[in-house]
K.L.:
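Take a look at the following structure, please.
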There are 2 protein chains.
Amino acid sequence: MEFKEAKNKFVQTWGALGSQWGINKTMAQIHALLMVSSEAVSMEDVMEELQISRGNASMNLRALMDWGIVYKEYKAGERREFFTAEKDLDELAVKIARERSKREIKPALKILKEVSSIKASDSIEEKHFIDQTTKLYDFVLKADNVLDKITEYKDNWLTKLVVKFMK
Amino acid sequence: MEFKEAKNKFVQTWGALGSQWGINKTMAQIHALLMVSSEAVSMEDVMEELQISRGNASMNLRALMDWGIVYKEYKAGERREFFTAEKDLDELAVKIARERSKREIKPALKILKEVSSIKASDSIEEKHFIDQTTKLYDFVLKADNVLDKITEYKDNWLTKLVVKFMK
DNA sequence: TTAAACTTTCAAAAATAAATGAAAGTTTAT
DNA sequence: ATAAACTTTCATTTATTTTTGAAAGTTTAA
């Protein structure tokens, strides 16, 4: 396999993986492309390499920046903007984890708290509902807290996790 | 908020959450419904409660069983099948983690190994590609191994993680 | 200012994913 | 064996998500 083929395969695979995780394909592909680019890449280049429209490139680059995993760069004497991806993997994972916690877990917790707080009637059905959603709330809260703690380490959190957990 | 409203809110929320995680909405809704049901539920009931077609119910129940988080139950003297969800949250999380590892992480690792193994030319571009994909491979492999180890505990893995990590 | 060079927005179109429902398949009781 | 009771399959339809591209917006240089 030669370089161009490998690069393409990587971008495609990362894109497919993205869509299994609720991130759209193009967004994941752009991220993949930037990850393996040694130089900052212009929007024009992204469009060209992935064969996508200007609007698509613009919107997905913006979304990646909102996630904090892609940065704008300005080159001296160049008018157009260039983009680079967060390349440190610990940092990348931490940012993704924090963002998903904020966007998905926290709102879900709020709902779980709400629905588990209804006053119980005598029916087994309702008792079970309250019991199960309460357990779920506790579980998700605990998991979210662990995630928080882990990502606090920032650098080498994975290594630290290995050390703490494997021994 | 009264029971019916709370139940509905829970099912809807779980469904929305599912789609952000690559699971289809109905599948997540069925799972939610079964999770909070004290009794095993028939396909007919699922169709009725979620207002979905027979085919849809059948296919998604099957998918949930493939994931190992929903079980068929047979009631004496009843011809039709009933379904229950895995209600133990530790067990549920372990099954989901293992299945996603098998379906998504393992295949991704295979590709990462492949593309990071191309022979390097002298260009900075290619060197960077190999370097970055190799790092990614190592990182994902390490993460997958930690996941493996954690889920080996099965019961109370989360509690154990809290204990090990918070101290 | 003006205009060139660039980016963003968003309504419409295209692509993709999910749901339907009727026919085919299966199981069980008689 | 037959038929009733139930489940599964899958071609077609429907709904959702993503992409396009042209117009509007912004920035910079002169």
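A note on names: the letters A, B, ... follow the listed sequences, proteins ahead of strands, and every chain is numbered from 1. All values below were derived from every heavy atom in this structure, side-chain atoms included, with hydrogens, water molecules and symmetry-related copies excluded.
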K.L.:
Atom CD1 of A:I30 to atom P of D:dT19: distance rounded to whole Å?
P.N.:
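Taking atom P of D:dT19 as the reference, CD1 of A:I30 is at 9 Å.
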K.L.:
Under 4.0 Å between a side-chain N or O of A:N56 and OP1 or OP2 of C:dT8?
P.N.:
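For C:dT8, OP1/OP2 do not have a side-chain N/O of A:N56 under 4.0 Å.
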K.L.:
At their closest point, which heavy atom of B:M35 faces which heavy atom of B:E86, and how far apart are they?
P.N.:
SD-O, 3.7 Å
K.L.:
Please report, rounded to the nearest Å, how far the C1' atom of C:dT7 is from the CD atom of A:E81.
P.N.:
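My rounded result for the distance is 7 Å.
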K.L.:
Heavy atoms only: give me the nearest B:V36-A:F129 pair and the separation to one decimal.
P.N.:
CB-CD1, 3.6 Å
K.L.:
Mapping B:G22 and A:R80 to their closest nucleotides on DNA chain C, which lands nearer the 5' end?
P.N.:
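Here A:R80 is the residue nearer the 5' end.
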K.L.:
For the side chain of A:K72, counting heavy atoms from C-beta on, which of D:dT18, D:dT8, C:dT8 is nearest?
P.N.:
C:dT8
K.L.:
If the cut-off is 4.0 Å, is B:K75 near the phosphate of D:dC6, judged by side-chain N/O to OP1 or OP2?
P.N.:
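No, outside the criterion.
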K.L.:
Does the side chain of B:S58 get closer than 4.0 angstrom to OP1 or OP2 of D:dT9 through an N or O atom?
P.N.:
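The answer is no; no side-chain N or O of B:S58 sits under 4.0 Å from OP1 or OP2.
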K.L.:
Checking B:R80 side chain against B:S42 main chain: does a donor-acceptor pair fall under 3.5 Å?
P.N.:
no
K.L.:
What is the distance from CD1 of A:I52 to P of D:dT18, rounded to the nearest Å?
P.N.:
14 Å
K.L.:
Rounded to the Å, how far apart are A:N24 CG and D:dT19 C1'?
P.N.:
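Rounded to the whole Å, the gap is 10 Å.
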K.L.:
Tell me the interatomic distance from B:M59, atom CE, to D:dT12, atom C1', rounded to whole angstroms.
P.N.:
13 Å
K.L.:
By nearest heavy atom, map A:S53 and B:L61 onto DNA chain D; which one lands nearer the 5' end?
P.N.:
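So the residue in question is B:L61.
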K.L.:
Would you mind reading off the distance between A:Q51 atom CD and D:dG21 atom P, rounded to a whole angstrom?
P.N.:
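Between P of D:dG21 and CD of A:Q51: 11 Å.
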K.L.:
What do the steps show when you test A:E44 against A:R54 for side chain to side chain contact (heavy atoms under 4.5 Å, CB included), and what is the final call?
P.N.:
CA-CA 8 Å; A:E44 208 74 35; A:R54 192 170 295 285; 3.2 Å; yes
K.L.:
How far apart are the closest heavy atoms of A:M27 and A:N60, and which atoms are they?
P.N.:
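Answer, listing the atom of A:M27 first, then A:N60: CB-ND2, 3.5 Å.
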K.L.:
So, is A:N60 near the phosphate of D:dT18, with a side-chain N or O under 4.0 Å from OP1 or OP2?
P.N.:
no
K.L.:
State whether the distance check finds a donor on one side and an acceptor on the other, under 3.5 Å, for side chain B:R79 versus base D:dA4.
P.N.:
yes
K.L.:
Whole Å only: how far is the CD atom of B:E44 from the C1' atom of D:dC6?
P.N.:
9 Å
K.L.:
Could you state the atom-to-atom distance from CE of A:M43 to P of C:dT9 in whole Å?
P.N.:
11 Å
